[in-house]
Engineer: 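Before I ask anything, let me first share the structure, which is written out below as structure tokens.
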Amino acid sequence: MTSNSSPHLSDDDRAPRGFDPEAVERAILQLTSACGPGRTVAPADVALAVAPAEHWQRALPQVRRSAVALAAAGRLLIYRKGKVIDPAELRGVYRLGLPRND
């Protein structure tokens, strides 16, 4: 396994077959919309929405990639320790939320 200190995706983060990036993006946007502005969802919740219960962890790398893509496009915020982070700096534990329309 590779170190978690790098912001780059490791070989372990390659998409498993069957996790369509567009379906994962839709699930992220649906779940974050359902929780409302100012609230967040865990990546595991997204993985459970797109994968069979016994394989949800295999979807997590695609959830991460899709979250980074959506955040880079300005459609999603990625939080770490309650603060919005730059998607290029994503590492460790994170949560997902929608940008506010204030």
Engineer: Please name the pair of heavy atoms, one in Arg64 and one in Gly92, separated by the smallest distance, quoted to 0.1 Å.
Structural biologist: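 That closest heavy-atom pairing would be NH2-O, 3.4 Å.
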Engineer: For the residue pair Trp56 and Ala51, what are the closest heavy atoms and their distance?
Structural biologist: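 Heavy atoms of Trp56 and Ala51 come nearest at CA-CB, 3.7 Å.
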Engineer: Drop me the distance from Leu48's CG to Gln57's CD, to the nearest 0.5 angstrom.
Structural biologist: 9.0 Å
Engineer: Within a radius of less than 6.0 Å around CD of Glu54, do more than 12 heavy atoms belonging to other residues, nucleotides or ligands occur?
Structural biologist: yes
Engineer: Kindly give the heavy-atom pair with the smallest separation between Ala47 and Ala59, and that separation in Å.
Structural biologist: CB-CB, 4.0 Å
Engineer: Closest approach of His55 and Phe19, non-hydrogen atoms and distance?
Structural biologist: O-CZ, 4.2 Å
Engineer: Out of curiosity, does Leu70 fall in the hydrophobic cluster containing Leu77 (side-chain heavy atoms, cut-off under 4.5 Å, transitive links)?
Structural biologist: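 Result: no, two separate clusters.
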Engineer: Has the side chain of Arg80 got a donor or acceptor atom that lies under 3.5 Å from a matching backbone atom of Leu90?
Structural biologist: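 Checked: no pair found.
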Engineer: For the atom pair OG1 (Thr40) and CG (Leu31), what is the distance rounded to the nearest 0.5 Å?
Structural biologist: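 The OG1 atom of Thr40 sits 11.5 Å away from the CG atom of Leu31.
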Engineer: Just so I know, are the side chains of Gln62 and Pro21 near enough to count as touching, which here means a heavy-atom distance under 4.5 Å?
Structural biologist: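 The answer is yes; the side chains approach within 4.5 Å.
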Engineer: Can you give me the closest heavy-atom contact between Ala67 and Leu96, atom names plus distance?
Structural biologist: CB-CD2, 3.6 Å
Engineer: Could you tell me the separation between the CD1 atom of Ile28 and the CG atom of Leu98, rounded to the nearest 0.5 Å?
Structural biologist: 10.5 Å
Engineer: Within the distance-only criterion (no hydrogens, no angle test), does the side chain of Thr32 pair as donor or acceptor with the backbone N or O of Leu29 below 3.5 angstrom?
Structural biologist: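 Between the backbone of Leu29 and the side chain of Thr32 there is a qualifying donor-acceptor contact (under 3.5 Å).
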Engineer: Would you give the length of the straight line joining atom CD of Glu89 to atom CD1 of Ile78, rounded to the nearest 0.5 angstrom?
Structural biologist: 11.0 Å
Engineer: Can you measure from CZ (Arg26) to OG (Ser33) and round to the nearest 0.5 angstrom?
Structural biologist: 13.5 Å
Engineer: Any idea which heavy atoms bring Ser66 and Glu25 closest together, and the distance?
Structural biologist: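 Closest approach of Ser66 to Glu25, heavy atoms only: CB-CG, 3.7 Å.
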Engineer: Yes or no on side chain to side chain contact (heavy atoms under 4.5 Å, CB included) for Val63 and Tyr94, after CA distance, side-chain angles and deciding distance?
Structural biologist: CA-CA 11 Å; Val63 171; Tyr94 66 101; 4.0 Å; yes
